[in-house]
Participant: 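Just passing along the structure, written as structure tokens.
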Amino acid sequence: MNAFDVLSERGFVFQSTDPAGVRQMLTSPTTAYTGFDPTAASLHCGHLVPLMQLAWLQRCGNRPILLCGGGTALVGDPSGKTSSRPILTRDEINANLASQRQQAMRFMDFEADRALVANNADWLCELNYIDFLRDIGAHFSVNQMLTAEIYRTRLDADEHLSFLEFNYQLLQAYDWLHLYRTVGCTMQCAGSDQWANCLAGMDLIRRLEGAEAHVLCTPLLVTASGQKMGKTEKGAVWLDPELTPPYEFFQYWVNVDDRDVERLLKLLTFLSLAQIGELCSADGAALRDAKRVLAYEVTGIVHGQPAAEEAQAAAQALFGGGGGDRSAMPSTGVALVELAGWSLLDALVHAGLCASRGEARRLTAQGGAYVNEARVADPEAPLGEGVVQDGEVLLRAGKKRYHRLVVTG
RNA sequence: GGAGGGAUGCCCGAGUGGCCAAAGGGAACUGACUGUAAAUCAGUCGGCGGACGCCUACGGUGGUUCGAAUCCACCUCCCUCCA
């Protein structure tokens, strides 16, 4: 099956330079790249869409390139931002790059050059300014660049746009040209916010090499209510298990809006459309099954099967009527002597369920504090030995934030 | 380089000497209703102590004053216009 059709059916194609042309190109093995700028220590759930797109391209017989923007991150992409990003040091960037690359490589098979990894610092950092201006800069029209949404919004809003950022587009275009020249890359996949940057590269390749190239943009991952996907009270949903533990990651997907389940299953899992159709044919409460499958699959892809199993077991234990293995749920160890001196307030704060005693007091006053699934209304209620069951105490804040205190001795 | 405007709590945004822990909105949190969903309604939303209390806070540093987010000086950053 043609990769373009697969991607279209699954909702990956937000816009493309020419559907017929892209489809035609993909009838023979094609090399396609997506760039990730290492501006954070971890990728987040928004990156899943382009990663899955690359994965599908590979499954359909094409060769993906994972391009790490070790060079472009030194400059900073203005796309989609209303203000400048702080400039990162080279060390930070390199550290970020290393961990992001590891996360991203899970999505593809790199055996026998079936997929490639590159770092644009390798060619961008040795560029000579004058040569670059003459060879590349000459082909860009500032007039045209200014019409791009990414720059126009910044200018219209009277927001600062530095020359540094303005150059980003040239660098990204040059990346593609480089990849075209060195490994024959004729396609770029990216989030829709990268559209203008991609087009710039396509034009550059056509101009300098007379070659055809195409762009495939994925939709931005947003929730049914229009919010950017992946926002939680704790910030982004990261792929790094240190930043977002697999249990929390799993829970995030279980809790998505009903209206998002089908779309997310198509984008973020490898399940067939038939399976997905089946899962989503139900409505109302029965859709929860589809959400559990979604959570299980995505967690499995990102954190591996065992972690997905554990997260699922913990969720089952907490929300599915007890029993099961809770080990994956958030927990803290505490000595019995210490626990014995704690009030409910102390416990909530120590467990991290509340940021301060005031917040814990508020939670309790509002009836949101539970010990072993029993509501406790007195903030000063001592925990003590009596509440320990099977060596642990189960705390709950509100409807679904759980924490386990494991008594250590 | 010159002239002017601005920086407020997670975000937006009022406040221009005491009545300001700081209006209003959004986000968020809790409860009710439910399906670990959405919508709706109600409440909460700096820290610490059981409240009327104290502490920290309105870009930074000093100063004026009984008293400053509000006035003055210098500094940092941003914006606008001029060159």
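All chains are named by letter (A, B, ...) in the order of the sequence lines, taking the proteins before the strands, and each is independently numbered beginning at 1.
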Participant: Provide the Watson-Crick or G-U wobble partner of B/A21, both distances under 3.5 Å; none if there is no partner.
Facilitator: none

Participant: Identify which nucleotide among B/G43, B/A38, B/G35 has an atom closest to any side-chain atom of A/Gln366, counting heavy atoms from C-beta outward.
Facilitator: B/G43

Participant: Would you call A/Glu392 and A/Arg326 a salt bridge, using N to O less than 4.0 angstrom?
Facilitator: yes

Participant: Hey, does A/Arg375 reach any base, or is it just sugar-phosphate, or nothing, if we go heavy atoms under 4.0 Å?
Facilitator: sugar-phosphate

Participant: Of all the nucleotides listed (B/C33, B/G50, B/G35), which has the minimum atom distance to the side chain of A/Arg361?
Facilitator: B/G50

Participant: So, do A/Phe250 and A/Tyr296 have ring centers that fall under 6.0 Å from each other?
Facilitator: no

Participant: Determine: side-chain N/O of A/Lys400 to OP1/OP2 of B/C29, distance under 4.0 Å, yes or no.
Facilitator: no

Participant: Would you indicate, yes or no, if B/C48 has its OP1 or OP2 atom less than 4.0 angstrom from a side-chain nitrogen or oxygen of A/Ser356?
Facilitator: yes

Participant: Using the side-chain heavy atoms of A/Leu287, tell me which of these nucleotides is nearest: B/G35, B/G50, B/A37.
Facilitator: B/G35

Participant: Using a 4.0 Å heavy-atom cut-off across all strands, classify A/Asp257 as base, sugar-phosphate, or nothing.
Facilitator: sugar-phosphate

Participant: Under 4.0 Å, heavy atoms only, any strand: does A/Val256 hit a base, just the sugar-phosphate, or nothing?
Facilitator: sugar-phosphate

Participant: Answer yes or no on whether A/Arg292 is positioned over the face of A/Phe319, meaning its NZ or CZ is under 6.0 Å from the six-membered ring centre and within 45° of the axis.
Facilitator: no

Participant: Return whichever of A/Glu359 or A/Arg259 has its heavy-atom-nearest nucleotide of RNA chain B closer to the 5' end.
Facilitator: A/Arg259

Participant: Salt bridge check, A/Arg357 against A/Asp346: does any charged N sit closer than 4.0 Å to a carboxylate O?
Facilitator: yes

Participant: Expressed in angstrom and rounded to an integer, what is the separation of A/Leu294 atom CG from B/A37 atom P?
Facilitator: 15 Å

Participant: Are A/Met52 and A/Arg10 packed together at the side-chain level, in the sense that at least one heavy-atom pair is separated by less than 4.5 angstrom?
Facilitator: no

Participant: Judged by each residue's nearest nucleotide on RNA chain B, which is more toward the 5′ side, A/Ala355 or A/Arg292?
Facilitator: A/Arg292

Participant: Between B/U30, B/A38, B/G35, which nucleotide has the shortest distance from any of its atoms to the side chain of A/Lys291?
Facilitator: B/G35

Participant: Of the nucleotides B/G35, B/G31, B/G47, which has the atom closest to the A/Arg362 side chain?
Facilitator: B/G47

Participant: Counting Watson-Crick and G-U wobble pairs only, both distances under 3.5 Å, name the nucleotide matched with B/G67, or none.
Facilitator: none

Participant: To the nearest Å, how far apart are A/Gln251 CD and B/G35 C1'?
Facilitator: 14 Å

Participant: Separation of A/Asp258 atom CG from B/G35 atom P, in whole Å?
Facilitator: 12 Å

Participant: Looking only at side chains, do A/Tyr174 and A/Asp135 share a donor and an acceptor under 3.5 Å apart?
Facilitator: no

Participant: For a quick check of understanding: with a heavy-atom distance under 4.0 Å over all strands, which category does A/Ala365 fall into, base, sugar-phosphate or nothing?
Facilitator: nothing

Participant: Using Watson-Crick or G-U wobble geometry with both distances below 3.5 Å, tell me the partner of B/C58, or none.
Facilitator: none

Participant: Take atom CG of A/Asp378 and atom C1' of B/G50, then tell me their distance rounded to the nearest Å.
Facilitator: 11 Å

Participant: For B/U16, which nucleotide is its Watson-Crick or G-U wobble mate, given both distances must be under 3.5 Å?
Facilitator: none

Participant: Give the nucleotide from the list B/G31, B/G49, B/G35 with an atom nearest to the side chain of A/Arg357.
Facilitator: B/G49

Participant: Only pairs with both distances under 3.5 Å count, Watson-Crick or wobble alike; so what is the partner of B/A51 in this structure?
Facilitator: none

Participant: Paired with B/C10 by Watson-Crick or G-U wobble geometry, both distances under 3.5 Å: which nucleotide is it?
Facilitator: B/G26

Participant: In the structure shown, which nucleotide is the Watson-Crick or G-U wobble counterpart of B/G1, with both distances under 3.5 Å?
Facilitator: B/C82

Participant: With a cut-off of less than 4.0 Å, is there a side-chain N or O of A/Arg401 near OP1 or OP2 of B/U30?
Facilitator: yes

